[in-house]
Structure formats: C-alpha cells, structure tokens
A.B. asks: 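Can you read through this structure? Questions will come right after.
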Protein chains: 2
Amino acid sequence: MKVSTRGEYGMRAMVSLARLYGEGPVPLSTIATESSVPPAYLEQLIGQLRRAGLVNSTRGANGGYELSRAPEDVRVGEVYRVMEGPVAPMVCVTEDMDPSEDLCPMIDGCATRLVWIKVRDGIVEALDSTTLGDLVQQNRKSDMLSGTGVS
Amino acid sequence: MKVSTRGEYGMRAMVSLARLYGEGPVPLSTIATESSVPPAYLEQLIGQLRRAGLVNSTRGANGGYELSRAPEDVRVGEVYRVMEGPVAPMVCVTEDMDPSEDLCPMIDGCATRLVWIKVRDGIVEALDSTTLGDLVQQNRKSDMLSGTGVS
DNA sequence: ATTATTCCTATCTGGCCGGTCGGAATTACG
DNA sequence: CGTAATTCCGACCGGCCAGATAGGAATAAT
C-alpha cells in the first residue's frame, strides 16, 4: 500500500509553494528544481492542482503558480485527494461511498471490512489534522536544530 | 493507495480459518470457496502465511490448513505484513527502517516526510489494535442483527 | 493402488504508473 | 510591434508488476 509518485510529487510541490507563499507567482521550473520533480511531469500534476482550485496560475512572462490560500488553511488531505482520489485502502471502503452499494463478493458479509474502515479512518485523521503551514514550520524548526538555517 | 489483492485475499482467508478454528485442518478448496478467492491463487498466498508461521498445514488426504494460534492472539497487522510487507505509505518511512539511511532526493530535508510518518502510524495503529478474534466476533454480531444468524 | 490433498516454481498477460514530447495560447518587456 | 518567458493541452509510450494460471511432484489416508 504505497502512495504513488503523483501524491508524493504533488505534496512536495505544494510544500515548495507554501514556502514561497506571498512572493508572487513562482514559475514551474523553480518549483520543479526545489521539489526535485521532472518539470514535464510536474506540469501535468500541477494542472490538476490548479483545476481543483488549490493553486492559481498566471500565464505569460513572469507568470507562474501560487497557493490560492494561505498554507495554514490548506489541509494536506486536500492535496492528497486531488492527486490520489478519495482515501480508500480498499474499494469497498472508499470515502465518498454511496452506503447502499455493497459490491463485496462475500457470502455473508465481509468481516475484514471492519479493519479497512479503521485503516481508512486512521489515514484520514493523519491527513486532515495537518496543514501545509504545519509542514513548513516543522521543517524550518528541524533546519535550525541541524544548523542548516545558519549561514 | 490501495491494499493489493494479496492483502485482501490473505485477510479473508485468515478470517475464514479463524471461523473454523478448532475443527481440525481445513482443505484449501473450502477456504477458497468461503473467502471467494481463486483456489490456485490462494494456494500461493497461503504458502506465504504458512512460511511465516501463521498457519499450520497437514499434508495428504484429510489434510488442510489451520491457524497456528487462537484467533484472539493474531493481530491483523501480522497478517497484513506477511502479505504486503512492512507498513510504508512511502519508501522513506518504512516500518523496519534503518534510521541512518535517508534516500530522500530533496535538498534540505523533506517536509512532507512528517505527513507520511503520521499516515504510517495511523495505519499501524489500526492494524495492530485488532485481532482476527475481534473480526469474527463483530461479524457474528451483525449477522444476528440482520437476521442471517437465525434459521 | 487410488484418491485427496499440500507443495513448488515457471509462465503469462493486461493495465497503468510514470514519464516525454510538441506545439498552441498568453502575457511582459524593450 | 516582435521576441522571450511562460502556462496550457493532449497525445503518446515503454516497462514493470499485480494477479493470476498451469503442471507436476511429494505426502498421507483408506
């Protein structure tokens, strides 16, 4: 059960944008470098984030991307869902589920479903209790400790 | 981020075995039917579970498989790990990690790592706080309520 | 013997992840 | 203006691996 590179890269890109929040549009090339994502691929991913309304874009020279909201107002769960779809360790426990549909092939109900629901809820909790703001802040703190922040 | 069919099927098979615990060896064909898993495939999977020591096997006619421990003593996390490997939503946060190795390509440490660790811990908690015993018990209870248990 | 079963390992196949490419549209700037 | 910097869009594609299947050898009951 791994997060795909879409999720990984998307998250990294958003953190980069969070770090540069308030300094105007950041060109794709910069984000790509800063987040170590192949530019051509990132373009695809960031398009998704834009369509989802998480980032704004400015076209033309001096254009680029920026967060549409302050980092503290963006839950990482939002980013995750845009990139990876609804949280669902298993098809039968997807977040946005119609309660009526039960496509489990099991004879008398599936006992394992209970576990997957717990797992899903664990993931959701982890994702929705953190914001991009938390991430950059935490990271800066650890930079300080390791001395990287002092030059 | 989905659990593969190995995890799904493996868990189902183990629940079947948990239900039949104490009634002697259960042939593969039975488990396959009961858990709706292709027999040939299940054979492969249950082999893993056996090698991991979670099930015992008896060969020859009247042979089959059975749990090596009581259902209440088997955490679903154990089953999960046998089928899916260490819990790791992301390579850089795998459970059985050597703390020294850090293969993150990021320049100044990866801020996103914090999320993935939280996610991982959420999953681990969900998996390790439940036993096979819990599952069959819970399921029987819901059977009662829906009337399936009454004949 | 014959039958029921586990055990082993080789092989196959489709889907999709992860990525590239080319070019069109848009805007700043001198 | 024209040119350079940028976003935007959709088509393409190769490789890997999940998800099986197949066949046969070993083992044990009857």
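Hydrogens, waters and symmetry mates play no part in the numbers below; they use all other heavy atoms, side chains included. Per chain, numbering begins at 1; letters A, B, ... match sequence-line order.
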A.B. asks: Distance check needed: dT26(C) P versus Asn56(A) CG, whole Å only.
C.D. replies: 18 Å

A.B. asks: Without decimals, in angstroms, what is the distance between Glu84(A) CD and dC16(C) P?
C.D. replies: 15 Å

A.B. asks: Should Asp128(B) and Arg81(B) count as an ion pair when the cut-off is N to O under 4.0 Å?
C.D. replies: yes

A.B. asks: Output a table of nitrogen or oxygen pairs between the protein and nucleotides 12-15 of chain C separated by less than 3.5 Å.
C.D. replies:
none

A.B. asks: Below the 4.0 Å mark, does dC8(D) have OP1 or OP2 next to a side-chain nitrogen or oxygen of Arg50(A)?
C.D. replies: yes

A.B. asks: Show every ring pair (Phe, Tyr, Trp, His ring centres under 6.0 Å) that has at least one partner inside residues 109-146 of chain A, sequence neighbours left out.
C.D. replies: none

A.B. asks: Pull out every residue in residues 40-48 of chain B that has a heavy atom closer than 4.0 Å to any atom of DNA chain D, ordered by number, or say none.
C.D. replies: Ala40(B), Tyr41(B), Gln44(B)

A.B. asks: Could you tell me which residues satisfy side chain to side chain contact (heavy atoms under 4.5 Å, CB included) with Leu49(B), sequence neighbours excluded, listed by chain and number?
C.D. replies: Met14(B), Ile46(B), Leu54(B), Val55(B), Val79(B), Val82(B), Met83(B)

A.B. asks: Sequence neighbours left out, what passes side chain to side chain contact (heavy atoms under 4.5 Å, CB included) with Ala126(A)? Give chain and number order.
C.D. replies: Lys118(B), Val119(B)

A.B. asks: Nearest whole Å is fine: how far is dT6(C) P from Glu66(B) CD?
C.D. replies: 12 Å

A.B. asks: Does a distance-only test, which skips hydrogens and angles, find a donor-acceptor pair under 3.5 Å between the side chain of Arg59(A) and the base of dT7(D)?
C.D. replies: yes

A.B. asks: Check whether any side-chain nitrogen or oxygen of Thr58(B) sits under 4.0 Å from OP1 or OP2 of dT6(C), and answer yes or no.
C.D. replies: no

A.B. asks: Any non-hydrogen side-chain atom of Glu34(B) less than 4.5 Å from a side-chain atom of Arg19(B)?
C.D. replies: yes

A.B. asks: Students often get this wrong, so: under 4.0 angstrom with heavy atoms, is Ser29(A) touching a base, only sugar-phosphate, or nothing?
C.D. replies: nothing

A.B. asks: Please name all residues satisfying ring pair (Phe, Tyr, Trp, His ring centres under 6.0 Å) with Tyr9(B), sequence neighbours left out, ordered by chain then number.
C.D. replies: Tyr41(B)

A.B. asks: Round to a whole Å and report the spacing from CD of Glu8(B) to C1' of dG19(D).
C.D. replies: 12 Å

A.B. asks: Is there any protein nitrogen or oxygen under 3.5 Å from a nitrogen or oxygen in nucleotides 3-5 of chain D, and what are the pairs?
C.D. replies:
from   : atom 1 : to       : atom 2 : distance (Å)
dA5(D) : N3     : Ala61(A) : N      : 3.3

A.B. asks: Looking only at side-chain atoms of Ser4(A), point me to the closest of dC8(D), dG18(C), dA18(D).
C.D. replies: dG18(C)

A.B. asks: On the nucleotide dG19(D), are OP1 or OP2 found under 4.0 Å from the side-chain N or O atoms that Thr5(B) carries?
C.D. replies: yes

A.B. asks: Expressed as a whole number of angstroms, how long is the span from Leu49(B):CG to dC7(C):P?
C.D. replies: 12 Å

A.B. asks: In whole angstrom, give the distance that lies between atom CG of Leu28(A) and atom P of dC21(C).
C.D. replies: 15 Å

A.B. asks: Output all residues satisfying side chain to side chain contact (heavy atoms under 4.5 Å, CB included) with Ala88(B), sequence neighbours left out; order by chain, then residue number.
C.D. replies: Lys2(A), Thr94(B)

A.B. asks: For a quick check under 3.5 Å, do Glu84(A) and Ser4(A) share a side-chain donor-acceptor pair by atom type?
C.D. replies: yes

A.B. asks: Not counting sequence neighbours, which residues clear salt bridge (Lys or Arg N to Asp or Glu O under 4.0 Å) with Asp121(A)? List them please.
C.D. replies: none

A.B. asks: Identify which nucleotide among dC7(C), dG19(C), dA20(D) has an atom closest to any side-chain atom of Tyr9(A), counting heavy atoms from C-beta outward.
C.D. replies: dG19(C)

A.B. asks: Check side-chain hydrogen bond (donor to acceptor under 3.5 Å, both in side chains) between Gln138(A) and all other residues, then give those that pass, not counting sequence neighbours.
C.D. replies: Lys141(A)

A.B. asks: Please enumerate all residues that pass side chain to side chain contact (heavy atoms under 4.5 Å, CB included) together with Ser29(B), with sequence neighbours excluded.
C.D. replies: Pro27(B)

A.B. asks: Could you note down all residue pairs passing side chain to side chain donor-acceptor pair (under 3.5 Å) where residues 46-72 of chain A supplies at least one of them, sequence neighbours left out?
C.D. replies: Arg6(A)-Gln48(A), Arg69(A)-Glu78(A)

